[in-house]
Every structure is written in structure tokens, then in C-alpha cells.
Amino acid sequence: MQYKFQAIEKKWQDYWRKNETYKVSKDTSKEKYYVLDMFPYPSGAGLHVGHPLGYIASDIFARYKRSKGFNVLHPMGYDSFGLPTEQYAIQTGIHPATATKQNIDRYRNQLDQIGFSYDWSREIQTSDPNYYKWTQWIFKQLFDSYYCIERDKAIQISALISDFEKTGNTKTNAACDDSIPQFSASDWKNFSKEEQEKILLNYRLAFLSETWVNWCEELGTVLANDEIKEGLSERGGHPVEQKLMQQWSLRITAYADRLISGLETIEWSESIKDIQKNWIGKSKGVSIFFNLENFNNKIDVFTTRPDTIFGVNFIVLSPEHPLVDQLTMPSQKSNVVEYINKAKLKSERDREIDKSVTGVFTGSFAIHPFTGKKVAIWIGEYVLAAYGTGAVMAVPSGDQRDWNFANHFGIKILNIFKDIDVSENAYEDKNASITNSDFLNGLSVKKAINLAIYKIEEGGLGKGKINYRLRDAVFSRQRYWGEPFPVFYKGNVPYILDDNKNVMLPPVDKYLPTSSGKPPLARAKKKDWNVYEGDRMETNIMPGWAGSSWYFLRYMDANNDEEFCAKENSDYWGQVDLYIGGAEHAVGHLLYSRFWTKFLFDRGFISFDEPFKKMINQGMILGRSSFVYRVKDSNTFVSFDKRKSYETTRLYVDISFVENDILDIEAFRNWRAEYCDAEFVFSDDGKYLCGHEVEKMSKSKYNVQTPDDLVEDFGADTLRLYEMFLGPLEQFKPWDVKGINGVHNFLRKFWRLVHDSENNFSISEEKPSKENYKTLHKTIKKVEEEIERHSFNTVVSTFMICVNELTDQKCNNREIISGFTVVLSSYAPHISEEIWQKLGNKTSVTSASFPNFNSSYLIEDEITYPVSFNGKTRFTIALPFEMTKDEVEIEIMKHEKTLHYLKGKLPKKVIVVPKRIVNIVI
RNA sequence: GCGGGUGUGGCGGAAUUGGUAGACGUGCUAGACUUAGGAUCUAGUGCCGCAAGGCGUGGGGGUUCGAGUCCCUUCACCCGCACCA
């Protein structure tokens with residue numbers, strides 16, 4: 001073996017470490033570029049080949065940008081708070097910090113092996129007290145802020161307090177809970193301190209409130225909507241139920257509109273933008289008040305179709321609606337109570353699966369705002385408490401859900417659509433004209449909507465309103481391994497610690513809830529807390545996404561003890577120019593970090609309001625599982641091609657025992673005791689052939705391919721090239737080791753190009769030929785273009801073509817090899833450093849400039865014209881470059897092959913596109 | 001149901017604005033060379049056909065001198081959301 005990659009890679013990794021090659025600092029003389037990976041959660045399983053895919057792409061891009069003269073920030077760290085480590089702690093008693101450190105060390109080893117250009121002096125860990133004290137600091141700022149709707153930004157709460165002192169809240173236009181009563185300046189002054197605090201809580205961006213939350217009993221904590229998939233917890237797949245609890249929340253809803261409009265300023269995939277838009281779920285409509293027949297208060301309903309107001313047959317409240325109690329007539333009491341209790345017991349999951357129509361009549365009536373007629377008030381599960389006002393005006397002729405409800409309970413349906421039959425289905429399209437609707441008669445839907453809104457607002461019957469599906473983000477978790485809150489209580493009123501005080505996670509005897517069901521932190525005794533104020537400390541912790549919502553800022557100033565990030569640093573490094581990570585964070589991390597960024601921007605701590613300017617979502621690398629086939633009730637395994645003659649059970653086999661689908665019998669027998677005397681029915685060639693399938697990599701499928709083995713066998717440069725060579729970055733693709741040899745051979749071929757048969761470095765000082773230059777410059781151009789448009793896979797082919805051509809040309813000219821080495825270095829940094837050094841350079845190839853493309857080398861003497869007949873290419877012909885259109889036509893028409901394909905006919909038309917193609921129409 | 005995405009050889013994939021479909025790599029078939037290697041080199045390899053020729057980018061239709069690429073329609077698979085009023 002001539003190309004000793006193991007020694008070379010070790011040598012350069014040591015060199016980079018010793019020389020701090022990848023350390024960067026602010027340098028205003030250079031243009032900055034910020035390339036960021038989504039930082040990993042350090043799990044116990046280590047990295048598999050799927051993880052580094054995005055890291056390799058971003059590393060290539062970072063190295064490339066550096067060679068183009070940019071000052072590149074390319075950091076890495078760990079999202080090290082989280083559930084799995086805590087679950088492990090519960091099982092083993094090992095402190096999560098200890099397990100986290102082990103896992104991080106393992107990750108670091110794996111990452112170092114791959115030769116990344118991270119500036120490790122900026123490493124961060126979200127579970128490090130020096131990091132999370134700044135997460136707590138941001139929470140303090142959120143607590144200390146409210147959202148001013150007029151100025152459309154977050155403002156310090158002191159401004160609101162001074163408003164209250166002057167005018168009470170009568171003129172206040174701020175995002176808050178709807179239920180706040182009005183008070184005057186003198187009311188405010190007369191409130192006790194505690195009462196004032198409680199009122200302010202309704203305005204703060206971080207606030208404590210009693211809300212319906214998703215409670216997961218199995219995990220012992222509440223979960224955010226984005227942590228639930230198909231009604232089950234994302235982690236572990238446990239059932240989730242609705243529970244009313246006092247929780248910290250963040251008022252993300254105040255930012256709903258900006259979170260939508262901001263999407264227009266960033267380069268993300270349409271699908272992620274759409275997912276976020278749908279998640280926020282903006283809808284324009286109108287809120288309409290229905291007076292009640294026997295009561296003084298009103299029911300507020302939200303609708304996007306005010307044009308259907310005359311089609312209202314009844315009103316439906318959600319079972320959790322606050323007026324349910326009041327409106328339930330004694331005669332209906334038992335029915336309603338029974339119905340509501342049943343609804344309460346249903347989990348998210350149950351509600352999702354069971355879509356049958358259910359409901360109950362309250363016995364009360366509302367008054368239609370225009371007709372004055374009585375409208376029955378029902379309760380129905382299909383109305384969600386959390387959306388809109390938790391009440392709907394039911395228009396069965398225009399809404400299928402209302403139609404189903406009416407149909408089920410035998411309610412007569414009012415039709416308000418001209419010439420439309422609603423006896424079988426509701427009419428949900430917007431193409432009909434309205435009828436039976438007083439002043440709306442004869443209007444199109446669009447016109448009717450506008451007129452209805454006008455009439456409703458004019459009559460004081462309601463108000464135009466924008467509704468969002470997005471809920472405020474529940475920010476408490478009843479667990480141990482997360483950021484503690486910088487919060488203490490006096491009585492039931494929460495207070496924030498002073499700016500210079502931060503809470504460290506206190507030690508606890510067990511990582512489990514207390515016997516009274518309080519979170520694990522409640523186990524800590526007073527002396528265990530580094531800070532203890534008031535009557536008690538907050539015992540909830542922050543959710544997993546707290547630390548990851550701002551980490552990209554900390555990298556800019558990772559070791560600052562005075563601030564979370566000095567403004568001069570965030571002003572210099574600015575937005576993340578390229579963010580690479582998985583699409584699975586579409587609504588969690590990516591929405592929350594946008595929210596925090598906007599907040600920090602509002603408060604003047606940073607100067608930009610979107611964190612990630614451009615994002616690429618890498619696709620998953622799927623595993624290739626292997627199978628053996630055991631004959632039923634025996635210890636005999638039959639080869640894949642013969643399995644059909646037997647009744648067999650398919651069993652996973654560890655892919656490390658399988659090469660090219662051939663099973664290593666010895667390794668298999670040694671795998672498990674039960675297989676040690678296994679018998680085999682072989683294929684005709686005497687080998688055992690395994691079956692295979694492409695699926696997600698997982699431990700239980702024994703199909704996990706770690707980068708470690710590959711780095712050992714082929715080297716990091718090969719792994720880097722191969723991961724890129726697999727296919728487009730964004731696409732899902734199966735992992736298949738077979739192709740790795742090809743990429744490895746390419747590096748060997750490059751090595752051979754500049755070494756003689758004795759493995760001595762050998763380079764020619766001659767002036768390169770025209771052909772040599774052409775090959776190099778073609779490569780420079782293509783590599784540059786492809787990297788710029790993030791087409792990382794095609795670049796590898798370009799390298800291969802270049803080395804193939806140079807080999808054919810027997811070209812080892814210094815000038816050409818030097819140029820190619822720099823071009824290659826972002827993909828294969830180790831071998832490039834080695835060759836670069838052998839070329840006599842004293843500094844690292846990472847400081848070399850990307851070669852300039854010179855188009856003059858690409859000018860051709862001849863053009864090879866494909867000649868087609870009726871669009872089908874038949875032959876090619878080389879003609880001088882400068883030949884004109886007419887000359888080409890003449891030349892082609894007298895060619896013998898043309899005559900052959902014309903078969904004596906006259907061409908109807910001859911199309912000549914100079915320098916490209918000739919097409920003859922017969 | 002709504003929104004987004006993907007369909008190209010045995011396999012991974014290439015084809016930037018419509019202009020030689022299958023680059024590059026694997027795999028396969030022959031052969032050469034050896035201090036038998038995960039080596040190197042040569043030739044072949046989309047499908048049908050001895051050939052001439054025909055057919056080919058999920059299917060059908062269209063625009064065009066020319067369509068993987070543009071338009072219409074349809075199918076399959078993947079992802080997200082899903083009683084959102």
C-alpha cells in the first residue's frame with residue numbers, strides 16, 4: 001500500500017491541533033461567512049454514518065469559502081440537556097452530567113477522526129452552567145418584557161408599568177390574556193404589590209398561567225405540541241392526555257405574524273416554510289357576538305365565513321368552554337355532565353382516532369344578531385377549546401362538520417346557496433351566490449364576506465379578527481436534566497432573581513418525582529441550592545429547546561463572562577449564512593430560535609431578526625439490513641436463494657458479518673451462543689447468501705454503519721468524499737459500502753499520479769501543455785460552480801474526471817498538481833495537506849487561495865456537432881470553431897452520412913444552432 | 001382531505017438556461033499482467049434485434065425543428081398537517 005492514509009491523517013490532525021489552524025477571530029479586513037451545523041444531542045450510541053453527512057457538507061463549504069478569502073466562522077458544540085440521558089440516570093443512578101461527559105468525549109473523538117475544520121475554542125455545551133446561565137438570562141429578559149402591538153415589538157415591562165401609573169390599562173394595546181379586566185391609574189396604585197405582579201404576569205412574554213397542557217404520565221412531564229406525533233410522545237411513543245396545570249409559557253403568539261412574514265426574507269426550502277406557515281395557521285375572519293336569551297353575557301364565535309351568517313342553525317361550544325356551566329339548563333344537567341366527563345377522559349390519541357359525531361344540547365338559546373331568531377346552543381367535541389373562541393356558529397349548509405352534526409342530531413338545515421343541493425353534503429366551495437340571506441342575497445361569496453364584515457362592525461355586533469392556530473409555548477418541564485429557572489416564589493407570586501444571580505442545578509438523591517408528584521428538583525433541600533430566595537425555588541426546568549434557541553449567538557463570543565454575546569461580535573458575524581441540518585426540526589427548534597432572535601432584536605441585543613439566512617436540510621442515510629433465514633423449529637439457516645423451499649423465519653444479522661451479501665459463517669457462529677452450532681444450507685457455490693432491505697438505521701436492526709470502521713479501513717478523506725458522492729445532499733439515500741472502493745481508488749490514483757513506482761514523490765517542472773491547462777481549468781470552473789450551488793455530489797465526479805484525464809495525459813506538472821491540490825483540499829484535506837507539503841509549501845493548504853479560473857484555456861479549435869434527423873442523433877462531426885451557421889449547413893449536407901440518413905429524400909428544414917447542434921427534418 | 005417532495009440502466013446517481021439521455025462510480029462479461037491485491041491495465045455493458053433498425057427518463061396526451069427538462073392529465077411512493085370554524 002503506497003497511500004498510507006492512516007499515518008497521513010493522524011499527522012495532519014495533530015498538526016492542525018498544535019497549530020490551531022482552524023481558530024478564527026474577528027477580522028474586519030475580511031468579509032465574514034458563518035457556516036453552522038445543527039449541533040448534536042450526544043447520545044450514548046455515538047455517531048453513525050448518517051450524522052456526519054451534513055457536517056461534511058458544511059465543512060467542505062466552510063473550507064471552500066476560506067480558500068475564497070472569507071473569514072469563516074465554523075463552530076461546533078453539543079445540545080447536551082435532554083431526556084435520554086436522564087432516563088439513563090434513573091436506571092443507573094449515574095449523574096446525567098457524568099454520562100453526558102462520556103458521550104461528548106466519544107463524539108469528539110469521532111468528529112476529530114473525520115478531519116473537520118471546527119474552531120473548538122468556541123465549543124459550547126448547553127448543560128454547562130457557563131452556558132445555561134445565559135439561557136436563564138434570556139428568560140429573565142423575556143420575563144421583563146411585554147409585546148406592544150402598536151409598535152409591533154417587545155418592550156421592557158417598565159414602560160408598561162409607567163403606562164399603568166398614568167392611564168391604567170384602558171389605553172394599553174399589548175399582547176395579553178383576553179380575560180384581563182380594565183383598571184384605571186388609581187386602581188393600579190391601589191393594588192397591592194402582589195396584585196400588581198399578578199396583573200403584570202398577564203402581559204409578560206414569559207408568564208405563569210393555568211393552562212391545558214399535554215401531560216405525558218409515562219415521562220412524567222408536559223410536552224409541547226411539536227413534541228407529540230400522532231397523539232403520542234415523540235420520545236418513547238407514550239400516551240398523552242390533557243391536563244390543567246400551572247405552567248410557564250412564552251408568548252410566542254405575539255410574534256405569529258412576524259414569524260410568517262419573516263419567512264419571505266430567508267432562503268429555506270418551500271416545504272419547511274410551508275410547514276411553519278401551517279403550524280402558525282393564520283386565518284382572517286370575524287369575531288361575532290351572540291346575545292343570550294336568558295342571560296346578560298354573550299357568546300363570542302370566530303368565523304372566516306361571515307357571508308354564511310344567515311345560514312346559522314345552531315351554536316356549538318367546546319366541552320371546556322367557560323359558559324357551559326351557566327348555560328346548562330337543569331333539565332339537561334345530567335346529560336351535559338356525563339358528556340363532558342366522557343370527553344375529558346379521552347386522550348389526544350382517542351380524539352384523533354374516534355371521529356364519530358358526538359354532542360349534547362344545553363337547553364339554552366342565543367339570539368341571532370340579524371334575524372333575532374332563537375339559536376340552540378349545543379356542546380360538541382368537534383369544537384376545540386384551544387382554537388378561536390372555543391365556540392362556533394354552525395352553518396350546516398356550508399361546513400361539512402356542521403352538516404355532519406346537524407345530520408346526526410336531526411337538525412333541519414337552512415340552505416343559503418342559490419341552486420345548490422345541500423341534502424347530501426355541505427357546500428364548501430366559494431362559487432355560489434348567496435340566498436335566503438336578507439341584505440346578502442344575490443351576492444358572490446367574496447362580496448358577501450366584505451359586506452357582512454361591514455354590517456357586523458357597523459352594528460357593533462363583532463369585529464374583524466385574525467386568528468392563529470399557534471399556541472403560546474409551554475416552557476416548563478417536570479424533569480431534572482435541563483435548565484433550572486432563575487425564579488423563586490413569595491406565596492404564589494413568582495419573582496426573578498437579580499441579574500447577577502443564576503441558579504445551578506442542585507444535586508438530588510433520585511431523578512424521579514417526589515412522592516407527592518412534584519418534579520425531581522423538589523427533592524433538593526434548601527442547602528443544596530446555590531441560590532435560595534423567597535419561600536421556595538421554582539422546581540420545573542426549561543424544555544429541551546431553550547438552549548438550542550440561541551446557541552448560534554454564543555459561538556460568536558463563546559468565552560464571554562460579561563455578556564451572552566457582545567454586540568460588536570454579533571454585529572460582525574451576523575446571521576448564519578449557511579445552516580445545515582435535518583428537516584425534522586421544522587417547527588420545534590427552527591420556530592423557537594426565530595422567535596428568540598426576533599425578541600433579542602426587539603430589545604436591541606442583536607441587530608438582525610432572522611437567525612438562519614440560508615438553510616439546507618440534509619436527507620437521511622438509510623441502512624441496508626441483512627437477513628438470515630432460519631428453518632422453522634430448527635437451528636438450520638438456509639441461503640437466500642433457496643429459502644422458498646423451506647418454511648423460514650427471517651432474522652436480522654449484524655451487517656459487520658456480511659460482505660457483498662455473503663455471510664461470514666465463523667463470525668455468525670461466534671455472535672451468539674445459540675448460533676454456535678448452527679447448520680447451513682448453502683447456495684450452489686458453497687456460500688451463504690443473505691437477504692437485504694433498505695430501512696432506517698437502528699441498533700435493533702443491526703444495520704448501523706459507524707464512521708469509525710470506515711475511517712480505519714479507508715481513511716477520513718475517503719469517507720468524506722464517499723458521503724458526498726452518494727447523491728444530492730437533501731435526498732434520502734441508502735447506505736451501501738460497495739461504492740466506497742471507487743472513491744478510495746480515486747485517491748490512490750491521485751497519489752500514483754505524483755509518485756513513482758518506488759513511492760517517491762515525483763513531479764515535473766515542465767511547462768504544462770495546453771491540454772493539461774484545459775483539464776485543470778475545466779475542473780476549477782466546475783468545482784467552483786457546483787460548490788456554490790451546493791451540488792456536493794457532482795464535484796466528486798469532477799475530481800475523478802480530472803485525475804483520470806491527467807493520468808491519461810501523464811501529467812504531473814507542478815503547476816497543474818498544485819492547482820488541483822487546492823481545489824481538492826476542501827473535500828480531502830489530509831491528502832491535500834500531504835501533497836501540498838511535498839510540493840515544497842511551508843504553510844498549510846488551508847491558507848492557500850482557490851485558483852482563479854482562466855477561460856482562455858477552454859477555448860476550442862473545433863466543435864463536435866451532433867447531427868440529428870427528426871430529433872434523433874445519428875452521428876457527430878467535428879467542425880472548426882469559427883464556422884458560421886451557413887458554412888456548417890453546407891458542410892453537413894454534403895457529408896456522406898447525411899446522404900445515407902436522408903435516403904434520397906429532400907430535407908424539409910435544416911436547423912443549425914451554432915456551436916451546439918444540427919437537426920435535419922425530413 | 002390539504003400542503004410539500006420524489007419517480008432516469010442490475011445499483012447510487014449525472015444531464016445549470018429545452019440541444020448527443022445514462023457523465024462519474026459501482027456491479028457484471030471477457031482478456032492482459034503479475035512478489036494473488038480490497039491492486040493495475042484493455043475492451044464491452046440502457047432494452048429488443050445476427051444486423052439494418054426500432055424502443056427508451058412512472059403512464060397517457062400536448063407545445064416544439066428538438067422535451068428527462070415546459071404545459072395538461074393520471075398513477076405510485078415518501079414527508080408534514082389533519083375536525084383550525
Side-chain angles (χ1 to χ4, degrees), chain A residues 1-2 229-230 269-279 281-283 285 301-305 308 316 318 351-352 354-355 357 380-384 386-395 398-402 404-405 428 467-470 583-584 586-587 619-620 659-660 694 713-714 721-722 725-728 730-746 748-749 752 782 785-786 788-789 791 793-801 804 864-876 907-913 915-922:
Chain A
M1 175 70 70
Q2 314 269 288
K229 295 274 129 84
E230 288 164 7
S269 74
E270 281 310 309
S271 82
I272 298 257
K273 287 186 183 182
D274 283 344
I275 290 171
Q276 291 213 347
K277 276 183 215 159
N278 292 341
W279 188 262
K282 180 176 181 171
S283 56
V301 300
F302 175 74
T303 180
T304 54
R305 291 290 303 274
T308 63
V316 189
S318 68
R351 280 212 187 187
E352 254 175 44
D354 181 16
K355 305 221 163 155
V357 177
E381 261 186 306
Y382 81 97
V383 178
L384 306 176
Y387 185 78
T389 59
V392 302
M393 57 177 225
V395 182
D399 185 296
Q400 193 58 46
R401 294 156 303 176
D402 298 343
N404 293 344
F405 195 87
E428 295 191 319
N467 228 318
Y468 298 94
R469 198 186 79 107
L470 183 72
E584 66 273 18
V587 282
M620 200 190 299
E659 206 174 324
N660 283 335
V694 169
D713 291 349
F714 298 98
L721 284 161
Y722 187 56
F725 191 59
L726 278 176
E730 289 101 324
Q731 236 163 62
F732 280 54
K733 53 217 160 226
W735 178 260
D736 184 356
V737 265
K738 275 191 209 143
I740 202 165
N741 276 314
V743 170
H744 189 63
N745 287 341
F746 152 72
R748 296 168 51 112
K749 200 166 179 180
R752 277 205 313 276
K782 188 116 197 268
E785 285 170 358
E786 306 285 85
E788 291 284 359
R789 65 183 179 102
S791 174
N793 53 330
T794 52
V795 173
V796 183
S797 319
T798 307
F799 291 147
M800 289 171 170
I801 292 167
N804 287 348
T864 302
Y865 282 94
V867 181
S868 33
F869 294 80
N870 290 339
K872 289 189 199 273
T873 309
R874 296 303 180 183
F875 63 93
T876 60
K908 283 189 193 142
K909 203 172 179 185
V910 178
I911 289 124
V912 177
V913 183
K915 320 260 183 290
R916 298 217 89 133
I917 198 172
V918 178
N919 190 19
I920 297 167
V921 186
I922 309 172

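Reminder, nothing fancy here: chain letters follow the sequence lines and each chain counts from 1.
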key: Given B/rC41, B/rA85, B/rA14, the nucleotide with the shortest approach to the side chain of A/Arg752   = B/rC41

CA sep, side-chain torsions, deciding dist, call: A/Trp279, A/Tyr468, ring-ring contact (aromatic ring centres under 6.0 Å, His included) = CA-CA 9 Å; A/Trp279 188 262; A/Tyr468 298 94; over 10 Å; no

message = Distance check, P atoms only: B/rG9 and B/rC72, in whole angstrom units.
response = 25 Å

Below 4.0 Å: OP1/OP2 of B/rG13 and any side-chain N or O of A/Gln731 = yes

inquiry  = I'd like the C1' distance from B/rG54 over to B/rG3, given in whole Å.
reply    = 43 Å

Position toward the 5' end of RNA chain B (nearest nucleotide), A/Phe302 or A/Asp274 = A/Asp274

message = Ignoring hydrogens and geometry beyond distance, is a side-chain donor-acceptor pair present between A/Thr794 and A/Ser791 at under 3.5 Å?
response = yes

message = With a 3.5 Å limit on both atom pairs, tell me what B/rG1 is paired to, counting Watson-Crick and G-U wobble, or say none.
response = B/rC81

note = By the Watson-Crick or G-U definition, both distances under 3.5 Å, B/rC50 is matched with none

message = Please report the distance separating the P of B/rG19 from the corresponding atom of B/rC70, rounded so that it comes out in whole Å.
response = 11 Å

key: Contact under 4.0 Å: A/Lys872 side-chain N or O vs B/rC55 OP1/OP2   = yes

task = Please name the residue in the list A/Thr873, A/Ile920, A/Thr876 that meets the side chain to side chain contact (heavy atoms under 4.5 Å, CB included) test with A/Val867.
result = A/Ile920

task = Select from A/Leu726 and A/Val587 the residue whose nearest nucleotide in RNA chain B is closer to the 5' end of that strand.
result = A/Leu726

Watson-Crick or G-U wobble partner of B/rG38, both distances under 3.5 Å = none

message = At less than 4.0 Å, is any side-chain N or O atom of A/Arg469 found next to OP1 or OP2 of B/rA82? Yes or no.
response = yes

key: Distance in angstrom units between A/Trp735 CH2 and B/rG25 C1', rounded   = 14 Å

remark   = When rounded to whole Å, the CZ to P distance for the pair A/Phe746 and B/rG12 reads 23 Å

N/O (side chain, A/Asn793) to phosphate O (OP1/OP2, B/rA14) under 4.0 Å = yes

inquiry  = In this structure, how many angstroms lie between the C1' atom of B/rG12 and the CE atom of A/Met800, rounded?
reply    = 12 Å

Pairing partner of B/rU29 (Watson-Crick or G-U wobble, both distances under 3.5 Å) = B/rA43

query = When the distance from CZ of A/Arg789 to P of B/rU17 is rounded to whole Å, what number comes out?
reply = 8 Å

message = Work out how far the C1' atom of B/rA21 is from that of B/rU16, and round it to whole angstrom.
response = 16 Å

query = Side chains of A/Tyr382 and A/Asp402: is there a donor and an acceptor less than 3.5 Å apart?
reply = yes

query = Using a cut-off of less than 4.0 Å, is there contact between a side-chain N or O of A/Thr873 and OP1 or OP2 of B/rA21?
reply = yes

key: Sugar-phosphate, base or nothing in reach of A/Phe799, heavy atoms under 4.0 Å   = nothing

message = At 4.0 Å (heavy atoms only), tell me whether A/Val913 reaches a base, stays on the sugar-phosphate, or touches nothing.
response = base

query = Donor-acceptor pair, A/Asn745 side chain versus A/Asn741 backbone, under 3.5 Å?
reply = yes

request  = Using the P atom on both, measure B/rG59 against B/rG10 and round to a whole Å.
outcome  = 14 Å

query = Separation of A/Phe869 atom CZ from B/rG54 atom P, in whole Å?
reply = 12 Å

inquiry  = What's the closest nucleotide to the side chain of A/Thr304 if the choices are B/rA85, B/rU20, B/rU16?
reply    = B/rA85

ask   = Considering every strand shown, what is the Watson-Crick or G-U wobble mate of B/rG7 when both distances are under 3.5 Å?
value = B/rC75

ask   = Counting side-chain heavy atoms from CB outward, which of B/rU16, B/rA85, B/rC41 is closest to A/Asp399?
value = B/rA85

ask   = A/Leu384 has an atom CG; how far is it from atom C1' of B/rC81, in whole Å?
value = 14 Å

request  = Could you give the distance separating B/rG61 and B/rU17 at their P atoms, to the nearest angstrom?
outcome  = 27 Å

ask   = Between B/rU40 and A/Asn745, is there an OP1 or OP2 to side-chain N/O distance shorter than 4.0 Å?
value = yes

remark   = A/Arg874 atom CZ is separated from B/rG66 atom P, nearest whole Å, by 15 Å

request  = Identify which nucleotide among B/rU26, B/rA85, B/rA15 has an atom closest to any side-chain atom of A/Lys738, counting heavy atoms from C-beta outward.
outcome  = B/rU26

ask   = Hey, does A/Phe875 have a side-chain heavy atom less than 4.5 Å from the side chain of A/Tyr865?
value = no

request  = Determine which nucleotide pairs with B/rU69, using a 3.5 Å limit on both distances of a Watson-Crick or G-U wobble pair.
outcome  = none

task = Choose from B/rG38, B/rA15, B/rA39 the nucleotide whose nearest atom is closest to any side-chain atom of A/Asn741.
result = B/rG38

message = Looking only at side-chain N and O atoms, does A/Lys749 offer a donor or acceptor that is under 3.5 Å from a partner on A/Asn804?
response = yes

ask   = Within the pair A/Lys909 and B/rC65, is there a side-chain N or O less than 4.0 Å away from OP1 or OP2?
value = yes

P atoms of B/rG68 and B/rG58, separation to the nearest Å = 10 Å

ask   = Is the glycosidic torsion of B/rG13 within 90° of 0, making it syn, or is it anti?
value = anti

ask   = Under a 4.5 Å cut-off applied to non-hydrogen side-chain atoms, are A/Glu785 and A/Glu788 in contact?
value = no

inquiry  = Of the listed nucleotides (B/rU17, B/rG13, B/rA85), which one gets closest to any side-chain atom of A/Arg916?
reply    = B/rU17

Euclidean distance for P, B/rU8 against B/rG60 (whole angstrom) = 16 Å

inquiry  = Measuring from the side chain of A/Ser797 (C-beta onward, heavy atoms only), which nucleotide among B/rA85, B/rC24, B/rG19 has the closest atom?
reply    = B/rC24

request  = Taking all non-hydrogen atoms of both residues into account, name the closest pair between A/Ser797 and A/Phe725 and its distance.
outcome  = OG-CE1, 3.8 Å

query = Given atom CG of A/Asn870 and atom C1' of B/rU64, what is their separation to the nearest angstrom?
reply = 13 Å

request  = Indicate whether OP1 or OP2 belonging to B/rU64 is found under 4.0 Å from a side-chain N or O atom of A/Asn919.
outcome  = no

task = Report yes if at least one side-chain N or O of A/Ser271 is closer than 4.0 Å to OP1 or OP2 of B/rC79; otherwise report no.
result = no

